[in-house]
Novice: 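Structure incoming, see below.
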Amino acid sequence: MSPLDSKVPRPPAAFWNPYVAGVALGLVLTATFLVMGFGLGGSGAANRIAIGAAHVVAPATVEANGYFGSFVGPGTRILDDWLVFEVLGMFLGGSIAAYSAGRMHLHVGSTQGIGTATRLAYSLGGGILMGVAARLARGCTSGQALTGGSVLSLGSWVFMFAVFAGGYLVAPLVRRQWR
Amino acid sequence: MEPVEIDSGRHNPGVDPGLHIWGWEIPVYLFLGGLVAGLMVITAMAELRGGRPRSPILRMAPFGALVLLSLGMGALFLDLGHKLYVWRFYMAFRPTSPMSWGSWILVLVYPVGILHGLGSISDTARASARRRLGRVGGWIVGGATFADRVRAPILWLSLVLGAGLGVYTGLLLGTTPARMLWNSAVLGPLFLVSGLSTGAALLLLFPMDDGERHQLARFDAVAILAEMSVLGLYLVGLGSGGAPQRAAAATLLGGAWTAPFWGLVIVLGLVTPLALETIEQRLGRPFTRLAPMLVLIGGFSLRAILVAAGQDTSFRLFP
Amino acid sequence: MIFPLQPLGDFGRETGLVLGVLFGMAFGFVLERAGFGRASNLAAQFYGGDNRVLKVMFTGIATTAVLLGLLSSLGMLALDQLTVPETWIGPQIVGGLLLGAGFVVAGYCPGTGVVAAASGSIDGVVTYFGVMLGTLVFGAAWPYLEGFYGSGGRGSVRLDQMLGLPFPVVALLVVALAVSAFASVERLEGWLAKRRAGTAPDRAPVLRNGSLGIVGLMAVTGVGTGWTQPAAAQPESHAPGAIDAFTLATRIVDDPTGLWLVDLRDPGSCEAARIPGATCRPADDADGQFLADLPPSRTLVVYGGADLVVPPGAERWHGRVEVLTGGYGAFQHDVLAAPALPAEPTLAQLHDWQRRSALQGYFTGSTAAPPPVAVTPRKAPASGSTRKGGGC
């Protein structure tokens with residue numbers, strides 16, 4: 001054992017105060033607006049990765065689809081998109097933050113009430129719902145609520161209130177998961 | 001105004017020869033070749049400096065390197081146009097041809113690697129091989145005993161051949177100087193340090209003695225820093241060259257391959273793992289396998305992007 | 001106006017993508033440190049006991065809105081060049097409800113799923129994978145959803161435009177709304193903690209008051225600045241300007257990359273002859289709808305055969321629009337034809353003629369005629385007026 005290893009690992013850092021974190025979030029978003037002219041997003045990359053993967057598996061079906069068809073075709077590179085690179089950065093920045101805070105380890109979170117398998121099934125199901133919802137609403141909590149809300153887009157504020165309403169409505173049904 | 005007619009022979013597909021002739025096989029071969037070079041140099045250097053390795057993965061690494069090299073040569077073989085004539089590489093030796101050097105290095109790596117690996121087998125493993133494997137076990141132990149006797153020269157040979165292999169993977173691209181992006185002498189050292197860093201990263205994915213892991217992680221951090229410097233030299237070298245070189249550098253500095261190069265190679269493959277390794281050492285956070293995984297992704301991306309982007313650049317200014 | 005810089009238009013698309021990685025890193029870092037990489041923190045929002053999500057998000061929105069408003073008041077930001085997500089009322093209500101439901105079931109929204117995955121959370125990975133599957137489900141159901149998806153569209157509508165108030169004033173209202181929401185949820189947290197015999201989330205009043213105080217102060221400054229400098233707070237005028245052929249020709253020579261020059265005549269005549277540097281419009285786009293997609297970093301100059309009404313596409317465009325007076329005919333007449341020198345030119349007329357000859361030479365390919373050296377004002381030049389442009 002080298003002397004370095006005998007060091008007791010520090011406990012994980014605390015989360016930031018929510019208001020301070022909010023201001024930091026606002027600064028990042030403002031900087032993005034000032035430089036790029038548009039804001040941040042979270043689900044656009046999933047959309048493109050999924051369509052790209054589907055296009056590899058079944059090119060004809062995807063190209064014939066009314067919605068997917070506009071994303072693929074000769075001369076288009078579906079992953080060559082700002083949101084894809086931004087989400088790659090989110091992953092890297094998130095991993096640096098988690099690791100330096102001592103929160104990086106392979107795990108399945110929040111399994112207390114329901115067990116690992118059910119938890120993963122809920123994650124998948126919730127993810128599918130959100131995937132459909134984000135396409136319908138043209139963005140998710142990052143791209144619509146946060147970004148659009150900041151530039152005072154009417155639809156984004158409507159969307160944000162709808163998200164909270166949907167969450168509060170369904171919350172009692174899955175209460176067991178979050179005990 | 002009279003219309004102006006511009007005649008160009010370029011419309012004839014035979015005039016500009018097919019330039020995109022290298023697909024996935026070459027990047028895979030270059031990546032695995034670099035890994036093998038890294039594994040050989042790292043294991044030999046570690047033993048020359050610090051004695052026999054404690055971690056099983058370090059003892060198995062020379063054999064692992066040979067497996068990876070065989071996979072890489074399989075990929076290279078798939079790329080060959082005339083597979084039956086592969087033996088012709090070995091009917092001649094041209095000292096001015098990196099390909100000739102490379103094909104001979106590849107052949108020499110095998111016996112050296114086997115002796116390197118045999119000598120690394122632990123005493124307990126030798127005893128159990130003799131007990132369980134009968135006559136084959138006897139051969140293994142005999143080989144290992146022989147390898148022990150020539151241990152120091154073998155380690156040095158491993159070190160030199162590994163370094164040569166690493167440099168050769170870079171110079172291989174340089175054999176086509178008409179691809180301006182590859183027309184740089186820095187590519188050899190670049191692929192060598194990248195190979196050292198990916199080799200260390202591959203080893204770090206396995207369970208390992210804590211002290212050795214620390215040393216290896218530090219080594220990896222140094223290799224990443226060296227790779228950043230060499231990449232800087234490479235870009236400065238291209239950027240300060242003639243117009244075709246500058247046009248080639250522009251594919252990575254604002255042109256078509258900028259985003260993948262900076263996103264995947266620099267930020268994902270170098271900056272982020274370096275940050276994670278620094279955090280580990282400074283803040284004493286428990287080791288994470290994410291850093292070596294990112295190094296491996298970055299190392300492959302470097303080769304894939306240079307191979308693909310290089311085939312987009314040439315002496316011609318107006319493609 | 002300095003901002004937005006818009007590198008996707010200005011310094012190249014690829015540079016913008018690299019910046020995307022960097023902004024994404026900052027975004028991911030903040031989200032993780034805010035606690036958004038843990039499903040339990042996020043889902044707690046919907047049970048009232050810990051309203052971290054609302055606090056972080058609402059503070060983030062208020063901060064951004066206030067900063068954007070302040071910068072536009074100071075005349076540094078062109079608000080109308082920022083991309084505002086379009087409003088589609090029906091789909092956004094239904095999508096929002098569905099997304100909220102998915103959020104509380106999965107424990108993450110799509111973006112926080114990525115951050116959770118980055119900290120090694122397998123449920124985060126599975127959630128993001130689910131979002132990808134959801135996209136495919138949406139595509140498969142497209143024939144049934146298409147009608148609804150396209151309903152209720154109202155374009156880019158901002159609350160400040162709708163209410164007829166300046167942006168900084170609405171940003172201040174957002175801050176007020178946020179502060180009152182925070183006061184309510186903190187009271188709720190305290191009450192629930194007592195009822196459930198647990199502990200309310202840490203209050204840290206200094207950090208809270210400090211953060212919100214700074215944001216509030218900036219909001220008030222933004223409103224004040226906008227009020228004292230009402231001109232700066234006005235959005236940039238969209239009334240199209242007029243430009244004459246000679247000025248346009250000078251600008252094409254001086255600053256060729258500062259212009260988008262678009263020929264709106266039918267593509268046939270455009271293909272045959274157009275102002276150098278001009279783009280022809282697509283054959284199926286008589287309204288110039290493609291103009292709206294040009295990056296607004298340059299001045300847009302459009303022209304027809306003669307005088308032109310600004311097409312709808314250019315009206316939707318965010319930058320400055322100018323119409324060439326007299327259209328291509330005027331350009332032919334004023335720039336491409338050799339200028340005539342009056343019989344007895346004044347010095348000003350002579351200089352004007354020299355400039356016009358030089359421009360005519362530039363655009364027709366003939367070298368400019370040397371200025372008639374022997375000429376003095378009030379005396380007819382020996383030659384010069386008979387000179388004709390060579391053409392190319």
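Every chain is numbered from 1, with letters handed out A, B, ... down the list of sequences.
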Novice: With a 4.5 angstrom heavy-atom cut-off, is it the side chain or the backbone of A:Thr116 that approaches chain C, or both, or neither?
Specialist: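 Contact with chain C is absent: no heavy atom of A:Thr116 under 4.5 Å.
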Novice: So what's closer than 4.5 Å to chain C heavy atoms on A:Val132: side chain, backbone, both or neither?
Specialist: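 Both parts, backbone and side chain.
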Novice: For each of C:Val114, C:Val66, C:Ile214, tally heavy-atom pairs with chain A at distances under 4.5 Å, and name the one with the top tally.
Specialist: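 Of the candidates given, the most pairs with chain A belong to C:Val114.
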Novice: Among C:Thr63, C:Val131, C:Val157, which residue has the highest count of heavy-atom pairs closer than 4.5 Å to chain A?
Specialist: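 Max contact count across the listed options: C:Val131.
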Novice: Among A:Val158, A:Val174, A:Val151, which has the most heavy-atom pairs under 4.5 Å with chain C?
Specialist: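 Top option by heavy-atom pairs under 4.5 Å: A:Val151.
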Novice: Contact part of C:Leu71 toward chain A, heavy-atom cut-off under 4.5 Å: side chain, backbone, both or neither?
Specialist: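 It is the side chain, since no backbone atom gets that close.
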Novice: Quick one: does A:Tyr19's side chain have a donor or acceptor within less than 3.5 Å of a partner on C:Lys55's backbone?
Specialist: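 Not a single qualifying donor-acceptor pair exists.
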Novice: Any idea which of A:Ala101, A:Ser150, A:Ala145, A:Ala13 has the most non-hydrogen atom pairs under 4.5 angstrom with chain C?
Specialist: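 Ranked by heavy-atom pairs under 4.5 Å with chain C, first place is A:Ser150.
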Novice: Only pairs of heavy atoms separated by less than 4.5 Å count here; which of C:Ile61, C:Asn51, C:Leu133 has the most with chain A?
Specialist: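 Looking at each of C:Ile61, C:Asn51, C:Leu133 in turn, C:Ile61 comes out on top.
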Novice: Chain C contacts: which residues in residues 59-67 of chain A have a non-hydrogen atom closer than 4.5 Å to it?
Specialist: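 Near chain C, by residue number: A:Asn65, A:Gly66, A:Tyr67.
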Novice: Check whether C:Val18 gets within reach of chain A through its side chain, its backbone, both or neither, counting any heavy atom under 4.5 Å.
Specialist: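 Answer is neither: C:Val18 stays 4.5 Å or more from chain A.
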Novice: Counting heavy-atom pairs closer than 4.5 Å to chain A, which one of C:Thr112, C:Leu136, C:Leu98 comes out on top?
Specialist: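 Of C:Thr112, C:Leu136, C:Leu98, C:Leu136 has the most heavy-atom pairs under 4.5 Å with chain A.
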Novice: With chain A as the partner chain, list the residues of residues 141-148 of chain C whose heavy atoms fall under 4.5 Å from it, by residue number, and write 'none' if nothing qualifies.
Specialist: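 Interface residues of residues 141-148 of chain C: C:Trp142, C:Phe148.
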Novice: Has A:Arg135 got its NZ or CZ under 6.0 Å from the middle of the six-membered ring of C:Tyr149, at an angle within 45 degrees of the ring axis?
Specialist: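 Relative to the ring axis of C:Tyr149, which defines the angle, A:Arg135 lies outside at least one limit.
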Novice: Can you tell me how far apart CD (A:Gln144) and CD (C:Glu86) are? Round to the nearest 0.5 Å.
Specialist: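 Between atom CD of A:Gln144 and atom CD of C:Glu86 there are 10.0 Å.
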Novice: Is there a donor-acceptor contact under 3.5 Å from the side chain of A:Ser123 to the main chain of C:Thr127?
Specialist: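 No: the side chain of A:Ser123 does not pair with the backbone of C:Thr127.
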Novice: Evaluate the side-chain proximity of C:Val104 to A:Trp178: yes if any heavy-atom separation is below 4.5 Å, no if none is.
Specialist: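 Result yes, sub-4.5 Å side-chain heavy-atom pair found.
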Novice: Quick one: CE on A:Met130 to SG on C:Cys109, what's the gap to the nearest 0.5 Å?
Specialist: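 So the gap between those two atoms works out to 7.0 Å.
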Novice: At under 4.5 Å between heavy atoms, what parts of residues 42-56 of chain A are in contact with chain C? List them by residue number.
Specialist: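 Hits under 4.5 Å: A:Gly42, A:Ser43, A:Ala45, A:Ala46, A:Asn47, A:Ile49, A:Ala50, A:Ile51, A:Ala54.
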Novice: Is it the backbone or the side chain of A:Asp81 that comes under 4.5 Å from a heavy atom of chain C, or both, or neither?
Specialist: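 Looking at A:Asp81, just its backbone touches chain C.
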Novice: Could you look at A:Leu40 and say if it's the side chain, the backbone, both or neither that has a heavy atom under 4.5 Å from chain C?
Specialist: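 Side chain only.
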Novice: For C:Asn209, what residues pass the side-chain contact (heavy atoms from CB on, under 4.5 Å) criterion, not counting sequence neighbours?
Specialist: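 Testing C:Asn209 for side-chain contact (heavy atoms from CB on, under 4.5 Å), a comparison that skips the adjacent residues, returns C:Pro205.
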Novice: Applying the side-chain contact (heavy atoms from CB on, under 4.5 Å) criterion to A:Met36, which one of C:Leu82, C:Leu19, C:Thr83 satisfies it?
Specialist: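 Exactly one candidate clears the test, C:Leu19.
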Novice: If you round to the nearest 0.5 Å, how far is CD1 of A:Ile96 from OG of C:Ser119?
Specialist: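 These two atoms lie 13.5 Å from each other.
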Novice: Is the shortest side-chain heavy-atom distance between C:Ser121 and A:Val108 below 4.5 Å?
Specialist: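 No. Closest side-chain heavy atoms not under 4.5 Å.
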Novice: Say whether, by atom type as modelled, one donor and one acceptor occur between the side chain of A:Arg119 and the main chain of C:Ala106 under 3.5 angstrom.
Specialist: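 Flag set: sc A:Arg119 to bb C:Ala106 pair under 3.5 Å.
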Novice: Does A:Ser153 use its side chain to pair, donor to acceptor, with the backbone of C:Pro85 at less than 3.5 Å?
Specialist: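 Yes: the side chain of A:Ser153 pairs with the backbone of C:Pro85.
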Novice: Which bit of A:Ala121 is near chain C, if near means a heavy-atom gap under 4.5 Å: side chain, backbone, both or neither?
Specialist: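 Neither part.
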Novice: Go through the atoms of A:Arg103 and report whether side chain, backbone, both or neither lie under 4.5 Å from a heavy atom of chain C.
Specialist: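 Interface part for A:Arg103: both.
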Novice: Nearest 0.5 Å, what's the CZ-CD distance between A:Phe161 and C:Gln92?
Specialist: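 Reported value, rounded in 0.5 Å steps: 13.5 Å.
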Novice: Going from CG on C:Leu163 to CG on A:Leu154, what distance comes out if it is rounded to the nearest 0.5 angstrom?
Specialist: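 Going from CG on C:Leu163 over to CG on A:Leu154, the span is 9.5 Å.
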Novice: Working to the nearest 0.5 Å, report the span between CH2 of A:Trp157 and OG1 of C:Thr87.
Specialist: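 Interatomic distance, A:Trp157 CH2 to C:Thr87 OG1, rounded to 0.5 Å: 13.0 Å.
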Novice: Heavy-atom cut-off 4.5 Å, strictly under: side chain, backbone, both or neither for A:Phe68 against chain C?
Specialist: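 For A:Phe68, the contact with chain C is made by the side chain alone.
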Novice: Counting only heavy atoms not in C:Arg196 (residues, nucleotides, ligands), do more than 12 fall under 6.0 Å from its CZ?
Specialist: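 Yes, CZ of C:Arg196 has more than 12 neighbouring heavy atoms, counting only those of other groups under 6.0 Å.
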Novice: Give a yes or no on whether the backbone of C:Leu207 and the side-chain of A:Asn17 come within a donor-acceptor separation of less than 3.5 Å.
Specialist: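 Flag not set: sc A:Asn17 to bb C:Leu207 has no pair under 3.5 Å.
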Novice: Heavy-atom pairs under 4.5 Å with chain A are the metric here; pick the option from C:Asn41, C:Leu31, C:Val53 that has the most.
Specialist: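 Going by pairs under 4.5 Å, I would pick C:Asn41.
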Novice: How are the rings of A:Trp82 and C:Phe23 set to each other: parallel, tilted or perpendicular (split at 30° and 60°)?
Specialist: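 Geometry flag for C:Phe23 against A:Trp82: tilted rings.
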Novice: Side chain, backbone, both or neither: which part of C:Ala116 has an atom under 4.5 Å from a heavy atom of chain A?
Specialist: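 Contact with chain A involves no heavy atom of C:Ala116 at all.
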Novice: Check the pair A:Phe15, C:Phe36 against ring pair (Phe, Tyr, Trp, His ring centres under 6.0 Å), reporting the backbone distance first and the verdict last.
Specialist: CA-CA 9 Å; A:Phe15 296 118; C:Phe36 284 11; 9.3 Å; no
